[in-house]
**Q** 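Would you mind keeping the following structure in view while I ask a few things?
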Amino acid sequence: MAATSFFHPQYEALGRSELEALQMERLRETLRQCMNSPFYRKRFEDSRISPQDIRSLDDIVKIPFTTKQDLREHYPFGLCTVPLSEVVRLHSSSGTTGTPTVILHTKRDLEQWADAVARCLYMVGLRPGDVFQNTSGYGMFTGGLGFQYGAERLGLLTVPAAAGNTKRQIKFITDFGTTAIHAIPSYAGRLYEVMEEMGIDPRRDTKLKTLVIGAEPHSEEQRRRIEEMLGVKAYNSFGMSEMCGPGVAFECLEQNGLHIWEDYYIVEIVDPVTLEPVPDGEVGELVLTTINREAMPLLRYRTRDLTRILSGECPCGRHHKRLDRMKGRSDDMMILKGVNIFPIQIETILMQFPELGNEYLITLTNKDANDRMTVEVELREFSDDYPKLQALTKEITRQLKDEILVTPEVRLVPKGSIPTGEGKAVRVKDLRKTLI
Ligand code: COA
Ligand code: AMP
Ligand code: ZN
């Protein structure tokens, strides 16, 4: 029996006017749905608009933006548009210091999400018979369950290896005949490094052919190196928890930008300062409106990711717009080991220790294939009580790890030794280089 096709020309290959008609129909439905949430009702009242004022896609600019701060302020259920009894899953961001965010899903939302991920994996040539190993963290990380359900939907033999334990990952790859892996680009380097240590040649000793890489920015050169090292094709995968997770935009076999699923999202690119639309092809902040979500639709969500829309048609036959690889962020979020971290989370923990002064410096490096974070923080007063300083370092490290999920190296330094310079203090130095 032929494998189910996850290429849907009736959505993916629509002409622009038909696609826009579909988007408008779904936007109308989404706006109706949003009026069930106290948050959006008030937003619309405050800005004196009603869903009826949105008569065309161009009218979308009348709708105020939604931000991460809105999600935080209405944590946990303030943006919910269905009775909670219809919500079957939530994903939450890490962190307890700044209020975290949650995203809610009905059964239908989860099915739509799985379909989107299946569509992406199908697009890069994966089919039943392929063995797909997922190295994302499971639990709250959406790359875990997101790829799991999508790969199963497509009919792949799916290995929920989860993050960490690289030797075991490699044993799975060889024992199970893994053909495709989802990994963050920096972890692909770690996989290769440990394969070398184990005397495993990925081309000779594995069946690997496809890598799905995402969750952190990476360059074209980094992709090519991953491909050369592991003897695979590597495809860029973009997503974010607010938009479900993976499955938002993905490269096709052409590797010429990421198709963003326009039957799921209305795409805008705006200037992050003026918030006005940028001219076609210019870099700006990606703003997305979900048009097929039930539990928690988001209108004009400011992703804070910087990218641009690529021009021209893709030879693959899909008509959905293509995004350029992400150029960075318009906020101060860092991504380390596939984990999102805001400097304020670190500051909040540090400032709870009376032994510490006000100055600190976060440095990100990657001397080997592992990303590292060092947190230097000044002591309020001089001390040579080394056992006490050691215990303090350990406790700060523990509390930071609880908050940001990765383990930093904490260094206590004498007061005055962190340069403060003029003006706004530099709190983060990202010295990571493309190494692999
Ligand atoms: N994916 C898979 N494995 C990872 C990883 C990642 N993003 N980041 C680190 N690892 C591996 C390390 O290589 C190490 O294994 P090894 O020593 O056998 O090679 C192990 O995880 C522990 O890493 P370490 O850096 O020592 O620990 P940490 O405490 O700083 O980080 C993790 C803890 C790995 C649990 C945390 O970084 C994590 O959960 N990352 C995954 C996030 C994720 O899945 N993001 C995708 C979202 S779509
Ligand atoms: P999360 O909500 O934890 O899934 O993190 C989402 C964020 O990760 C996005 O907003 C981006 O900043 C980043 N991200 C995800 N995929 C990519 C990618 N392919 N390239 C660059 N950044 C990415
Ligand atoms: Zn294409």
Side-chain angles (χ1 to χ4, degrees), residues 7 12-13 68 91-94 101 103 123-124 134-147 161-170 181-191 193-194 197 212-219 222-223 235-259 285-286 288 301-307 310 312-331 333-341 368-373 397 400-401 404-409:
F7 173 50
E12 294 169 64
K68 203 186 259 291
H91 283 274
S92 175
S93 64
S94 65
T101 55
I103 302 295
M123 182 163 68
V124 297
N134 188 8
T135 70
S136 259
Y138 275 62
M140 291 298 185
F141 289 112
T142 53
L145 291 176
F147 271 110
N165 203 340
T166 308
K167 278 195 178 147
R168 185 163 159 264
Q169 300 275 4
I170 292 166
I181 291 185
H182 169 242
I184 64 166
S186 51
Y187 190 61
R190 175 71 183 151
L191 276 171
E193 183 183 75
V194 178
E197 279 166 27
V212 170
I213 49 173
E216 66 181 7
H218 55 283
S219 60
Q222 200 172 355
R223 179 239 292 279
Y235 300 96
N236 195 345
S237 151
F238 171 78
M240 79 195 66
S241 307
E242 296 92 320
M243 297 292 131
C244 283
V248 176
F250 217 84
E251 279 181 331
C252 66
L253 293 171
E254 304 289 333
Q255 296 182 310
N256 59 357
L258 299 94
H259 286 286
E285 185 179 316
L286 178 67
L288 294 177
Y301 183 72
R302 287 190 62 188
T303 67
R304 298 299 201 145
D305 288 308
L306 301 175
T307 181
L310 297 172
E313 288 296 318
C314 184
C316 80
R318 290 173 182 84
H319 292 163
H320 292 192
K321 286 177 180 160
R322 284 170 300 125
L323 302 180
D324 202 355
R325 61 176 63 254
M326 298 299 134
K327 308 283 178 208
R329 304 236 344 143
S330 66
D331 63 6
M333 187 179 95
M334 312 172 258
I335 305 181
L336 189 77
K337 305 180 197 190
V339 182
N340 301 345
I341 302 166
D368 46 30
N370 252 345
D371 281 7
R372 282 177 215 288
M373 174 189 284
T397 309
L400 283 176
K401 161 98 180 167
I404 61 173
L405 305 179
V406 300
T407 316
E409 184 189 333

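Predicted, not measured: the structure shown is a model, and the values here were computed from it. Start at 1 and go down the list; that is how both ligands and their atoms are numbered. Scope of the values below: all heavy atoms of this structure, side chains included, with no hydrogens, waters or symmetry mates.
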**Q** I need the SG(C316)-the Zn ion (ligand 3)-NE2(H259) angle, rounded to 10 degrees.
**A**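 If I round to 10°, I get 100°.
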
**Q** One line per pair, note the atom names and distance for all nitrogen or oxygen contacts under 3.5 Å between ligand 1 and the protein.
**A**
{"from": "ligand 1", "atom 1": "1 (N)", "to": "T135", "atom 2": "O", "distance (Å)": "3.4"}
{"from": "ligand 1", "atom 1": "3 (N)", "to": "G164", "atom 2": "N", "distance (Å)": "3.0"}
{"from": "ligand 1", "atom 1": "7 (N)", "to": "K337", "atom 2": "O", "distance (Å)": "2.9"}
{"from": "ligand 1", "atom 1": "18 (O)", "to": "T166", "atom 2": "N", "distance (Å)": "2.8"}
{"from": "ligand 1", "atom 1": "18 (O)", "to": "T166", "atom 2": "OG1", "distance (Å)": "3.3"}
{"from": "ligand 1", "atom 1": "19 (O)", "to": "T166", "atom 2": "OG1", "distance (Å)": "2.4"}
{"from": "ligand 1", "atom 1": "19 (O)", "to": "R190", "atom 2": "NE", "distance (Å)": "2.6"}
{"from": "ligand 1", "atom 1": "19 (O)", "to": "R190", "atom 2": "NH2", "distance (Å)": "3.0"}
{"from": "ligand 1", "atom 1": "25 (O)", "to": "K337", "atom 2": "NZ", "distance (Å)": "2.5"}
{"from": "ligand 1", "atom 1": "29 (O)", "to": "K401", "atom 2": "NZ", "distance (Å)": "2.7"}
{"from": "ligand 1", "atom 1": "29 (O)", "to": "T407", "atom 2": "N", "distance (Å)": "3.4"}
{"from": "ligand 1", "atom 1": "29 (O)", "to": "T407", "atom 2": "OG1", "distance (Å)": "2.5"}
{"from": "ligand 1", "atom 1": "30 (O)", "to": "K337", "atom 2": "NZ", "distance (Å)": "2.6"}
{"from": "ligand 1", "atom 1": "30 (O)", "to": "T407", "atom 2": "N", "distance (Å)": "2.9"}
{"from": "ligand 1", "atom 1": "40 (N)", "to": "K337", "atom 2": "O", "distance (Å)": "3.2"}
{"from": "ligand 1", "atom 1": "44 (O)", "to": "G137", "atom 2": "N", "distance (Å)": "2.6"}
{"from": "ligand 1", "atom 1": "45 (N)", "to": "G338", "atom 2": "O", "distance (Å)": "2.9"}

**Q** Do S186 and E216 meet the criterion of a side-chain donor-acceptor pair at a distance under 3.5 Å?
**A**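 Their side chains do contain a donor-acceptor pair, which is all the 3.5 Å distance test asks for.
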
**Q** Hey, does I213 have a side-chain heavy atom less than 4.5 Å from the side chain of Y235?
**A**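 Answer no - side chains too far apart.
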
**Q** For K167, does the NZ atom sit with more than 12 other heavy atoms under 6.0 Å from it, leaving out its own atoms?
**A**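 Atom NZ in K167 is not crowded, with 12 or fewer foreign heavy atoms closer than 6.0 Å.
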
**Q** Can you give me the SG-the Zn ion (ligand 3)-SG angle for C252 and C314, to 10°?
**A**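 So the angle at the metal works out to 100°.
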
**Q** Just wondering, do M240 and T303 contact through their side chains at under 4.5 Å, heavy atoms?
**A**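 With C-beta onward as the side chain, the pair touches.
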
**Q** Tell me if a side-chain donor or acceptor on Q169 pairs with a main-chain N or O of G164 at a distance below 3.5 Å.
**A**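 Present.
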
**Q** Salt-bridged, R318 to E313, with N to O below 4.0 Å?
**A**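 Here R318 does not pair with E313 in a salt bridge, since their nearest N and O are not under 4.0 Å apart.
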
**Q** Are any side-chain N or O atoms of R322 and backbone N or O atoms of G312, one a donor and one an acceptor, separated by less than 3.5 Å?
**A**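 Looks like yes, one N/O pair under 3.5 Å.
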
**Q** Output yes when E409 and R372 qualify as a salt bridge under the 4.0 Å nitrogen-oxygen rule, no when they do not.
**A**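 A salt bridge is absent here (no side-chain N lies under 4.0 Å from a carboxylate O).
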
**Q** Counting only heavy atoms and a distance below 4.0 Å, can you name the residues contacting ligand 2?
**A**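 Within 4.0 Å of ligand 2, the protein residues are T142, G214, A215, E216, P217, N236, S237, F238, G239, M240, S241, E242, D305, M326, R329, M333, I335, N340.
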
**Q** Is it true that a side-chain atom of R325 and a backbone atom of H218 form a donor plus acceptor pair closer than 3.5 Å?
**A**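 It does hold such a pair.
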
**Q** Checking side-chain contact (heavy atoms from CB on, under 4.5 Å) for the pair F238/T307: CA distance, chi angles, key distance, verdict?
**A** CA-CA 11 Å; F238 171 78; T307 181; over 6 Å; no

